[in-house]
Trainee: 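Structure provided below as structure tokens; questions to follow.
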Amino acid sequence: MTTSETDSGPETTPTGESRLALVRRARRIDRVLAETYPDARAELDFTTPLELLVATVLSAQTTDVRVNATTPALFASYPDAAAYAAADPEELEEILRPLGFFRAKTRAVIGLGKALVERFDGEVPGRLQDLVTLPGVGRKTANVVLGHAFGVPGITVDTHFGRLARRFGLTTEQDPVKVEHEVGKLFPRKDWTMVSQHLVWHGRRVCHAKRPACAACPVARWCPSSGIGEQDPVTAAALVRTSGPN
């Protein structure tokens with residue numbers, strides 16, 4: 001364990017632990033979640049960085065399941081950035097209609113294609129500082145693409161990750177960028193992408209926003225918030241989802 005991994009931040013944390021104790025607890029939680037979800041991965045279907053980038057942009061305000069049902073036809077019709085840039089808006093809208101907000105998403109995808117063609121020769125850049133300059137791409141989307149399409153470690157702070165990071169006492173921050181940096185300090189950089197994936201999977205399946213299944217949680221013993229959810233084992237087990245939300 002290096003100095004850079006443990007010595008940033010105050011000596012005591014908001015949970016009253018030492019910094020070292022927090023790091024150890026955070027990593028224990030991640031190890032157990034890794035054992036619980038050995039198949040954890042990005043739940044959007046893709047084969048190229050462009051497909052993942054487009055799918056992630058489209059996933060705003062809808063489910064991954066619905067995006068995955070829509071993207072086969074989309075990817076077949078628009079195989080590269082130039083095709084998106086030259087797309088007929090009405091034709092693209094018809095494909096994206098099932099996702100909701102389809103007009104805004106059509107504009108976003110066309111704008112994304114044009115930006116890639118004009119500034120990156122039609123290729124998805126593999127650097128955070130470049131990705132976040134693209135229209136509709138923030139740090140969350142950029143880190144998803146970097147981690148899963150390029151193998152570049154990143155913390156992806158979506159609503160599930162932020163909720164669990166605060167429930168686990170890994171941070172008290174609300175701002176996603178601050179959450180990203182604080183949680184990142186607790187883990188080796190090489191683990192960031194999968195730490196993100198483990199928390200997201202657990203948030204979708206067990207640690208729900210309104211009614212967490214605490215009695216069925218494999219990391220309840222290390223969670224300072226474990227008393228907020230369902231404590232009856234049978235009832236909690238019924239709350240557990242076997243997959244992400246539909």
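Only this structure's heavy atoms are used, side chains among them; waters, hydrogens and symmetry mates stay out. For clarity, every value in this text was computed on a predicted model and none was experimentally measured.
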Trainee: Looking only at heavy atoms, what is the nearest atom pair of Glu182 and Thr171, with distance?
Mentor: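 Where Glu182 meets Thr171 most closely, the heavy atoms are OE1-OG1, 2.8 Å.
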Trainee: Quick one: closest heavy-atom pair of Leu134 and Pro125, and the distance?
Mentor: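 Shortest heavy-atom contact: CD1-CD, 4.3 Å.
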Trainee: Would you name the heavy atoms of Pro212 and Cys207 that are closest together and state the gap between them?
Mentor: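 Smallest heavy-atom distance, with atoms named: CB-CA, 4.1 Å.
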Trainee: On a heavy-atom basis, which atom in Pro153 and which in Thr193 lie closest, and how many Å separate them?
Mentor: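 Minimum heavy-atom contact is CA-OG1, 3.4 Å.
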Trainee: Locate the shortest heavy-atom distance separating Leu33 from Pro218; write the atom from each residue and the value.
Mentor: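 The answer is CD2-CG, 4.4 Å.
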Trainee: Tell me every residue that passes side-chain hydrogen bond (donor to acceptor under 3.5 Å, both in side chains) with Asp232, counting only those two or more places apart in sequence or in another chain.
Mentor: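 Expected list: Thr235.
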Trainee: Mind checking what makes ring-ring contact (aromatic ring centres under 6.0 Å, His included) contact with Tyr78, not counting sequence neighbours?
Mentor: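 Here the qualifying residues are Tyr84.
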Trainee: Given side chains that start at C-beta, do those of Val206 and Tyr37 come closer than 4.5 Å, heavy atoms only?
Mentor: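 Yes. Closest side-chain heavy atoms under 4.5 Å.
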Trainee: Checking Glu93 now: which residues fulfil salt bridge (Lys or Arg N to Asp or Glu O under 4.0 Å) with it, not counting sequence neighbours?
Mentor: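 Once residues adjacent in sequence are excluded, Glu93 has no partner under the salt bridge (Lys or Arg N to Asp or Glu O under 4.0 Å) criterion.
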Trainee: How long is the span from the OG1 atom in Thr106 to the CD atom in Glu91, to the nearest 0.5 Å?
Mentor: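 The distance works out to 11.0 Å.
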Trainee: Is it the case that more than 12 heavy atoms not belonging to Asp88 sit under 6.0 Å from its CG atom?
Mentor: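 Count over threshold, so yes.
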Trainee: Does some side-chain heavy atom of His148 sit less than 4.5 Å from a side-chain heavy atom of Thr56?
Mentor: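 Counting from C-beta outward, Thr56 and His148 never come under 4.5 Å.
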Trainee: Given the rule in the side chain to side chain contact (heavy atoms under 4.5 Å, CB included) test, do Asn143 and Ser196 qualify, once you have shown the distances and angles that lead to the verdict?
Mentor: CA-CA 10 Å; Asn143 278 323; Ser196 302; over 6 Å; no
Trainee: Show the numbers, then the answer: is there a side chain to side chain contact (heavy atoms under 4.5 Å, CB included) between His202 and Leu164?
Mentor: CA-CA 8 Å; His202 192 58; Leu164 269 66; 3.7 Å; yes
Trainee: If you count the non-hydrogen atoms of other residues, nucleotides and ligands that lie under 6.0 Å from CD in Gln231, is the total more than 12?
Mentor: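 Enclosed: over 12 neighbouring heavy atoms sit under 6.0 Å from CD of Gln231.
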Trainee: Assess whether atom CD of Gln129 is packed by more than 12 heavy atoms of other residues, nucleotides or ligands within 6.0 Å.
Mentor: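 Counting other residues, nucleotides and ligands, CD of Gln129 exceeds 12 neighbours.
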Trainee: Let me check something: do Ile29 and Val240 share a hydrophobic cluster, defined by ILVMFWY side-chain heavy atoms less than 4.5 Å apart, either directly or through other members?
Mentor: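 Yes, it is one cluster - the side chains of Ile29 and Val240 are joined through contacts under 4.5 Å.
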Trainee: Show, in sequence, the C-alpha distance, side-chain angles and deciding distance for Lys185 and Glu173, and conclude whether the salt bridge (Lys or Arg N to Asp or Glu O under 4.0 Å) test is met.
Mentor: CA-CA 14 Å; Lys185 293 174 184 177; Glu173 297 290 349; over 6 Å; no
Trainee: Where do Ala236 and Ala216 come nearest, in terms of heavy atoms and distance?
Mentor: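 Distance-wise, the nearest heavy atoms are CB-N, 3.8 Å.
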